[in-house]
Amino acid sequence: MKLWSTFGLIMKDMWSISFLRDVFREFVGTTLFLFTSLSSVVLWPHFGPQSWDTISADPLVTMEPLHECTPDPLHVSLTFGASVALTCVCLGGVHLNPAMTLALVAGLRVSPWRAVLYVGAQLLGALTACGLLLGIAPAPLRSNLGINELASGVHLYQAFSVEMAVTFQLILSVLTVTHPKSAFLSLAPAVLGLSVTLGHLIAIGFTGCGMNPARSFGPAVLTLNFENHWVYWAGPCVGAILAWLLYDLLLYPRWTNLSDWLMEFRQVFLTAPSKQPRSPESNTEI
């Protein structure tokens, strides 16, 4: 009876207007973020000695022999950083990143059942963004869609380590600036944009910079290229968990042992699901 009662509370909370709105915001936010960000990769072809000013009247004819994009890393890094910052300003406390959602679940800031639908919305948003890019990109530029690939000479363990490191600093930045007592709370979007920019400046030369499984998932699905795709899930997820462990267990301890964590999990998510936290800003006071 208690199990059914808990299940009923969970379903009531999940199908509330506020929850459905949160899921929709994740979908819209991820679509907007990845469409604008990946455009800097997909729509930035390499013309060799030419420039945009020297393209013929019919750009599709000029681009016909092109088979790849070689955008400037700084250009891409700044685009991703600005895009995530403006998306956060427009839509508020959205995650946009399955690794982010995982860290917030581990920190008991978001419930597991909410997280499942959040991640589903993020992946659907990634597919939508890449689908839009596929529709507007010139034919010679459609084979890549900004897919993440390991650079020549980079081993899998190196790629995993880089993805883990850049995601670690991103999640640690999120947990720090979104705390209610943070001096940078009002500047959170700008700080997160800088963190994303930094991650790309570090990782582009190694892995193309995933740092976000949804960002890697969309191009991989539409191009049907899953080579080494696990790196772009395992690295960010491990980095997210390590950042959570450092923040919640060492820097600002919230629990003394695993049993305390399990007790809080039951109290927050099983006893009163309707009172659960819904965003990164819902950090426990320290």
Side-chain angles (χ1 to χ4, degrees), residues 29-55 59 62-63 66-90 96-97 99-100 126 129-130 132-133 136-138 140-154 158-174 177 184 187-216 218-220 228 231-232 235-236 239:
T30 307
T31 301
L32 177 63
F33 163 54
L34 291 182
F35 176 77
T36 54
S37 299
L38 291 175
S39 294
S40 67
V41 180
V42 177
L43 304 181
W44 200 259
H46 175 59
F47 293 102
Q50 299 182 13
S51 67
W52 290 106
D53 295 331
T54 61
I55 301 176
T62 305
M63 292 187 208
L66 300 178
H67 298 288
E68 63 179 4
C69 301
T70 55
D72 176 40
L74 180 59
H75 169 86
V76 174
S77 300
L78 292 175
T79 302
F80 270 84
S83 179
V84 73
L86 292 177
T87 301
C88 290
V89 168
C90 294
L96 311 178
N97 186 338
M100 182 88 67
C130 291
L132 292 172
L133 281 174
I136 68 173
L141 306 180
R142 293 176 184 171
S143 61
N144 182 278
L145 288 182
I147 191 168
N148 282 322
E149 297 176 314
L150 272 60
S152 177
V154 175
Q158 295 171 323
F160 173 85
S161 300
V162 169
E163 286 295 318
M164 179 181 66
V166 295
T167 308
F168 175 87
Q169 62 85 24
L170 170 64
I171 302 303
L172 189 60
S173 298
V174 171
V177 302
F184 299 95
L187 299 175
V191 173
L192 299 183
L194 288 174
S195 179
V196 170
T197 300
L198 175 63
H200 279 76
L201 289 173
I202 293 171
I204 279 181
F206 290 89
T207 64
C209 190
M211 202 163 52
N212 181 339
R215 178 259 180 270
S216 302
N228 301 322
V231 170
Y232 300 100

On a heavy-atom basis, which atom in [X] and which in [Y] lie closest, and how many Å separate them?
X: Val89; Y: Pro189; answer: CG2-CB, 3.7 Å
X: Ala220; Y: Ile147; answer: CA-CD1, 3.9 Å
X: Gly199; Y: Val166; answer: O-CG1, 3.7 Å
X: Gly208; Y: Arg215; answer: O-NH2, 4.5 Å
X: Ser83; Y: Thr36; answer: OG-OG1, 2.5 Å
X: Gly193; Y: Ala85; answer: CA-CB, 4.2 Å

Member of Val76, Val41, Val162 meeting the side-chain contact (heavy atoms from CB on, under 4.5 Å) criterion with Ile204 = Val76

Applying the side-chain contact (heavy atoms from CB on, under 4.5 Å) test to Leu96, which of Leu32, Thr30, Leu192 qualifies?
-> Thr30

Flag the pair [X] / [Y] as yes when at least one side-chain heavy-atom distance between them is below 4.5 Å, and no otherwise.
X: Leu170; Y: Val196; result: yes
X: Pro236; Y: Met211; result: no
X: Asn212; Y: Tyr232; result: no
X: Phe35; Y: Leu133; result: yes
X: Gln169; Y: Ser195; result: yes

Could you walk me through whether Ile171 and Thr167 pass the side-chain contact (heavy atoms from CB on, under 4.5 Å) test, one step at a time?
-> CA-CA 6 Å; Ile171 302 303; Thr167 308; 4.0 Å; yes

CG/Leu78 to OG/Ser40 distance, rounded to the nearest 0.5 angstrom?
-> 9.5 Å

Pairwise distance CG(Leu34) to CG(Leu132) - rounded to 0.5 angstrom | 11.0 Å

The side chain to side chain donor-acceptor pair (under 3.5 Å) partners of Ser216 (sequence neighbours excluded) come to Asn148

Donor-acceptor pair, Glu163 side chain versus Val231 backbone, under 3.5 Å?
-> no

After noting the C-alpha distance and the side-chain angles of Phe80 and Leu38, does the key distance pass the side-chain contact (heavy atoms from CB on, under 4.5 Å) rule?
-> CA-CA 8 Å; Phe80 270 84; Leu38 291 175; 4.0 Å; yes

